[in-house]
2 protein chains.
Amino acid sequence: MKNIALPKKDDFIPHLAYDAVIFGFNGTELKIVVLEYRKTNHFALPGGFVQHKQNLDDAVYQGVKNRTGLTDIQLEQCHTFGNQKRRDKKVLKDICKVHDHQINDDHWLLDRFISICYYALLNFEEVTLQPDELSDSIGWYSLHELPELILDHKEMVSKALEVLQKNLDEKLVGMNLLPEKFTMKDLQNVYESILQKKLVRTAFQRKILAKDILIRHEKKYTGKAHKAPYLYSFKLV
Amino acid sequence: MKNIALPKKDDFIPHLAYDAVIFGFNGTELKIVVLEYRKTNHFALPGGFVQHKQNLDDAVYQGVKNRTGLTDIQLEQCHTFGNQKRRDKKVLKDICKVHDHQINDDHWLLDRFISICYYALLNFEEVTLQPDELSDSIGWYSLHELPELILDHKEMVSKALEVLQKNLDEKLVGMNLLPEKFTMKDLQNVYESILQKKLVRTAFQRKILAKDILIRHEKKYTGKAHKAPYLYSFKLV
DNA sequence: TTCTATTGTATCGGTTAGATACAATAATAC
DNA sequence: GTATTATTGTATCTAACCGATACAATAGAA
């Protein structure tokens, strides 16, 4: 096995990390990206560090872009996690062991880290997930079937979902989670996935149409034995 | 003049700071705490650094407590500011010059800092503001009469107010800004100060009473020639 | 006693969301 | 062709809520 280089200390701001809750919508369900460190059984959110001459937002954008291959990403900051206990030497040592790395107790990656959590919304269909050197498994997980995550990453997911819910009406969240054209039912599915509750179909349709944010296109014939729904796209403001 | 010690590098996490937008309500208007560095004409939000073995939240709490003398503080995290350009060597050099400090270009305080912004709500009447060693002026400023603030502190104030507005109904913000007993008009003034707009008196009263969060006490006789308002306090949940 | 400003509450009208109803329709079964 | 079926788009009814208005109940001054 190749001996992989760890991130170098001097490139990055010490004690500072970011983590991203990357949301995608597969047509039915909300999913997030989780990676597994090679052969360690440790699951984590994708994250990274901030370079000394790099804006925080840009660091996160680059990180998500590298993982997903996409450039059209809606990023929002959720919360900064700064508990002094958020460190776990065992996890990193397990990871290093697999890679035949020696790591000393005073290695900078074993320090206490403050992490800024973001959520990202992007088009599920266009993504090809890229594992990095330290992780050989990266994939989409349903919110209800998450593996156990390291540190406080589970809490990050909760916080991200909470912030996403609050932003839902205001920030036109649907845009990035759906393909360009979609049906009203698709949009309702996105809303229901995010809010984690059923919505009333007729009221939902009425409310969305009243917002005057959609363009109605041709019908979508699915081959099913019932009235075909219209396709919509978002009005670009 | 006494030569004051600067914070020591090794005590704190480098490149990381917090700043606090401390809100108080003087009965009429919303105010925030701003400090001025001695004889420099530089105004800033109160802030500080995080010790290596200290929770982020605790650091902010301690800082606000030290400045205000209060222990009953409602703290909420607003946003983390991580722009690479948020540094201003001139400011710190001006401050040090006044104190006859020599400061080198590579001093840690001149580095680029990421700052986590919090807002704090507390009882205006109970506060005695404490300037620290580097600032000889600390005071309450109305939101509309803020002096020019260093770095992105003005943006922090905007963000704090925005988050406060969003949290208003949910987090029962009024509690910490008012004395134990208050009139409906006092509470409405708090709401109007935060939302920066006039509210309809009768609708406000109806909405608040419907929430069932207040206890009605005796009337408050102000000596004015009109019906005396009731005093209320918050129900403790 | 009258007057004035403010408070507490009730009522009316408009808006919004949930519930229900129903027509339109795309494909299938016959 | 015609009936059948599931889904969609829209209209209508009702309950909840907010702004606007009205008005009675004061506490003190004139």
Side-chain angles (χ1 to χ4, degrees), chain A residues 27-29 165-170 172-174 178-235, chain B residues 25 27-29 165-166 168-170 172-174 178-235:
Chain A
T28 319
E29 223 184 353
Q165 288 173 351
K166 282 193 185 166
N167 287 344
L168 183 52
D169 277 312
E170 190 181 336
L172 214 52
V173 158
L178 287 169
E180 198 202 333
K181 292 187 180 179
F182 50 88
T183 66
M184 191 60 76
K185 185 155 194 67
D186 293 334
L187 187 58
Q188 186 176 341
N189 282 338
V190 170
Y191 268 66
E192 290 180 343
S193 299
I194 291 173
L195 297 176
Q196 308 262 292
K197 66 174 181 186
K198 288 283 166 201
L199 300 176
V200 177
R201 181 182 65 89
T202 55
F204 178 77
Q205 178 137 343
R206 183 175 49 197
K207 194 184 82 175
I208 296 292
L209 290 179
K211 278 178 191 281
D212 196 33
I213 54 173
L214 297 185
I215 303 167
R216 180 177 280 182
H217 301 279
E218 74 281 4
K219 292 188 172 183
K220 181 189 178 190
Y221 298 94
T222 57
K224 298 286 176 58
H226 54 72
K227 186 173 178 177
Y230 288 106
L231 286 170
Y232 296 90
S233 64
F234 286 101
K235 273 187 192 171
Chain B
F25 185 70
T28 319
E29 223 184 352
Q165 288 173 351
K166 282 194 186 166
L168 183 51
D169 277 312
E170 191 182 335
L172 218 49
V173 159
L178 287 168
E180 198 202 332
K181 291 186 182 179
F182 50 88
T183 65
M184 192 60 74
K185 185 157 194 65
D186 293 333
L187 187 58
Q188 187 177 339
N189 282 338
V190 170
Y191 268 67
E192 290 180 344
S193 300
I194 291 173
L195 297 176
Q196 309 262 293
K197 66 174 183 188
K198 289 282 166 201
L199 299 175
V200 176
R201 181 184 65 90
T202 56
F204 179 77
Q205 178 137 345
R206 183 175 48 197
K207 194 184 81 173
I208 296 292
L209 290 179
K211 278 178 191 282
D212 196 34
I213 53 172
L214 297 184
I215 303 167
R216 181 177 281 183
H217 301 279
E218 72 281 4
K219 291 187 174 184
K220 182 190 179 189
Y221 298 93
T222 56
K224 299 285 176 56
H226 54 71
K227 185 172 179 178
Y230 288 106
L231 286 170
Y232 296 90
S233 64
F234 286 101
K235 272 186 192 173

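Residue numbers begin at 1 in each chain, while the letters A, B, ... track the order of the sequences.
Atom CG of D186(B) and atom P of dT6(C) are 14 Å apart (whole Å). In this structure, K224(B) places its NZ atom 17 Å from C1' of dC3(C), rounding to the nearest Å. One can place NZ of K185(B) at 11 Å from C1' of dA5(C), the figure rounded to the nearest angstrom.
Protein chain B contacts DNA chain D over a range whose 5' and 3' limits, counting nucleotides with an atom under 4.0 angstrom from a non-hydrogen atom, are dC18(D) to dG28(D).
Among the protein residues, T202(A) comes within range of the nucleic acid bases, having at least one heavy atom under 4.0 Å from a base atom.
Atoms NZ and OH, from K181(B) and Y232(B) in turn, are 13.0 Å apart once rounded to the nearest 0.5 Å.
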With sugar-phosphate taken as primed atoms, P, OP1 and OP2 and all else as base, the protein-contact string of nucleotides 11-16 of chain C at under 4.0 Å (heavy atoms; B, S, -) is B-----
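In this structure a side-chain-to-backbone donor-acceptor pair under 3.5 Å is present from E192(A) to L199(A). With hydrogens and angles ignored, the 3.5 Å screen pairs no side-chain donor or acceptor of E218(A) with any backbone N or O of L231(A). Of the possible donor and acceptor atoms, one in the side chain of D186(B) sits under 3.5 Å from a partner among the backbone N and O of T183(B).
In this pair, F182(B) and F234(B) present their aromatic rings tilted. The plane angle is within the 30 to 60° band.
Other residues, nucleotides and ligands contribute only 12 or fewer heavy atoms inside 6.0 Å of the NZ atom of K197(A).
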Go through K185(B) and K220(B) one step at a time and tell me if the side-chain contact (heavy atoms from CB on, under 4.5 Å) criterion holds. CA-CA 12 Å; K185(B) 185 157 194 65; K220(B) 182 190 179 189; over 6 Å; no
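Comparing Y232(B) and V200(A) by the nucleotide of DNA chain C that holds the closest heavy atom to each, the one mapping nearer the 5' end is Y232(B). DNA chain D is contacted by both H226(A) and Q205(A); H226(A) maps to the nucleotide lying nearer its 5′ end (nearest heavy atom per residue).
Residues I208(A) and I213(A) come closest through the heavy atom pair O-CG1, 4.3 Å.
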